[in-house]
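The model shown is predicted, which means the values in this text are computed figures rather than measured ones. Convention: sequence-line order gives letters A, B, ...; per-chain numbering from 1.
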There are 2 protein chains.
Amino acid sequence: MPISVYVVRMARAATTSDVFNAIAEPQRRDILVLLRSGEWPVTEVARELGMSQPGASKHLRVLRDVGLVRDRQVGRRRLYGLEADGLRPVHEWTGGFEEFWNGAFDRLEAYAQELEAGHDEEEQR
Amino acid sequence: MPISVYVVRMARAATTSDVFNAIAEPQRRDILVLLRSGEWPVTEVARELGMSQPGASKHLRVLRDVGLVRDRQVGRRRLYGLEADGLRPVHEWTGGFEEFWNGAFDRLEAYAQELEAGHDEEEQR
DNA sequence: ACAACATATACCGATATCGGCATGTGTCAA
DNA sequence: TTGACACATGCCGATATCGGTATATGTTGT
């Protein structure tokens, strides 16, 4: 009996099931910003942001899958609301670079290069 | 004389020439983190992060196009260094949601829903 | 000018993405 | 139960993305 082994070659390491990827799409960022004002039904989101209803639905689906929004049924409508916790990792990750855009570090770097210029052409790392 | 008009239908609104999209790729985030330790030549980046040389080159190209890294020629090698300013907009954008992951706002929201429960089924915006 | 090293680019295949359109599913009200 | 409204999903075409392999470009030292 032959045993078949299927090897899946992925074209992209990260799928949309990732917060960084979810917010890479401008329209999805717009939705998140809109949702800061409260809960919105799908159709209203679509109208407000000038997209089709299926379009809004799909983007909201992605946002829900990564936990950036929650939904609850109210009447015949489904209200979507912000679940901003998921943005925290992104904020913190970028925050890890804060020192590099502060002037303090730039001055340090400039000083280091100045020192380096005084030496031979040197190897770093 | 006929005039031909070509209409380009884009499949994706945002291309890679956007910081949010650039950091959506895990390997590129790894590169940025690595570059916090200083400037690195392409081959070393590839070795350190376990990717091929062309792979590293391509990712660095994307990062350079969006201004997240800079490069300078040193000997026969090209050193890539961090240009963290580009991450600031991302940090600030996510920061705009900070109040929503702070307990303070959650309590406010809970309070609002409590009030709402006392009313009729009402419309919110 | 040439070999060796370092990096960039071109091309390819597999897959993912996005928008549009059509259609399915669910919920209410009469 | 049926019709109207609200939303989700399926399918499609155009394009983008990513990794791999091969090859082009550039740089140094001889």
**Asked** Salt bridge check: are A:R72 and A:E39 linked by an N-O gap of less than 4.0 Å?
**Response** yes
**Request:** Just jot down the side chain to side chain donor-acceptor pair (under 3.5 Å) partners of B:R29, sequence neighbours excluded, or say none.
**Result:** none
**Prompt:** Rounding to a whole Å, what distance do you find between B:M51:CE and C:dA8:C1'?
**Reply:** 16 Å
**Item:** Pairing annotation in dot-bracket form, given for DNA chain C with Watson-Crick or G-U pairs under 3.5 Å and | for cross-strand partners
**Value:** ||||||||||||||||||||||||||||||
**Request:** Could you state the atom-to-atom distance from CG of A:L63 to P of C:dC18 in whole Å?
**Result:** 11 Å
**Prompt:** Taking the side chain of B:R77 as heavy atoms from C-beta outward, which of C:dC18, D:dT9, C:dT7 is closest to it?
**Reply:** C:dT7
**Request:** Kindly indicate, with the supporting measurements, whether the criterion side-chain contact (heavy atoms from CB on, under 4.5 Å) is fulfilled by A:R36 and B:F100.
**Result:** CA-CA 8 Å; A:R36 286 197 298 213; B:F100 295 93; 3.3 Å; yes
**Prompt:** Between A:R70 (side chain) and A:L82 (backbone), is there a donor-acceptor pair under 3.5 Å?
**Reply:** yes
**Asked** B:R28 has an atom CZ; how far is it from atom P of D:dC18, in whole Å?
**Response** 4 Å
Please tabulate, for the side chains in residues 89-97 of chain A, all donor-acceptor contacts under 3.5 angstrom to protein atoms that are two or more places apart in sequence or on a different chain.
| unit_1 | atom_1 | unit_2 | atom_2 | d |
| --- | --- | --- | --- | --- |
| A:H91 | ND1 | B:H91 | O | 3.0 |
| A:H91 | ND1 | B:T94 | OG1 | 2.9 |
| A:H91 | ND1 | B:G95 | N | 3.4 |
| A:T94 | OG1 | A:V90 | O | 3.0 |
| A:T94 | OG1 | A:H91 | O | 2.9 |
| A:T94 | OG1 | B:H91 | ND1 | 2.9 |

**B:L68 vs B:I23 side-chain heavy atoms within contact, under 4.5 Å** = yes
**Prompt:** Whole-Å distance between D:dC18 C1' and B:D30 CG?
**Reply:** 15 Å
**Nearest-Å distance for atom pair CZ/C1', residues A:R61 and C:dC18** = 16 Å
**Message:** Between C1' on D:dT9 and NE2 on A:H59, what's the gap in Å once rounded to a whole number?
**Reply:** 15 Å
**Asked** Do B:S37 and B:W40 get their side chains close enough for a donor-acceptor pair, meaning under 3.5 Å?
**Response** yes
**Prompt:** Got a sec, which residues hit side chain to side chain contact (heavy atoms under 4.5 Å, CB included) with B:R61, two or more places apart in sequence or on another chain?
**Reply:** B:R64, B:D65
**Asked** Taking atom C1' of D:dC18 as reference, at what distance in whole Å does atom CG of B:N21 sit?
**Response** 13 Å
**Request:** Would you mind reading off the distance between B:D65 atom CG and D:dT17 atom C1', rounded to a whole angstrom?
**Result:** 15 Å
**Message:** Going by side chain to side chain donor-acceptor pair (under 3.5 Å), name the residues that satisfy it together with A:Q53, two or more places apart in sequence or in a different chain.
**Reply:** A:S57
Please write out each protein N/O paired with an N/O of nucleotides 21-27 of chain C under 3.5 Å, distance rounded to 0.1 Å.
none

**Request:** Please work out if A:T43 contacts a base, only the sugar-phosphate, or nothing of the nucleic acid, heavy-atom cut-off 4.0 Å.
**Result:** sugar-phosphate
**Item:** Side chain of B:R78 - closest among D:dC7, C:dC18, C:dT7
**Value:** C:dT7
**Prompt:** Counting only side-chain N and O atoms of B:Y80, is one of them less than 4.0 Å from OP1 or OP2 of C:dA8?
**Reply:** yes
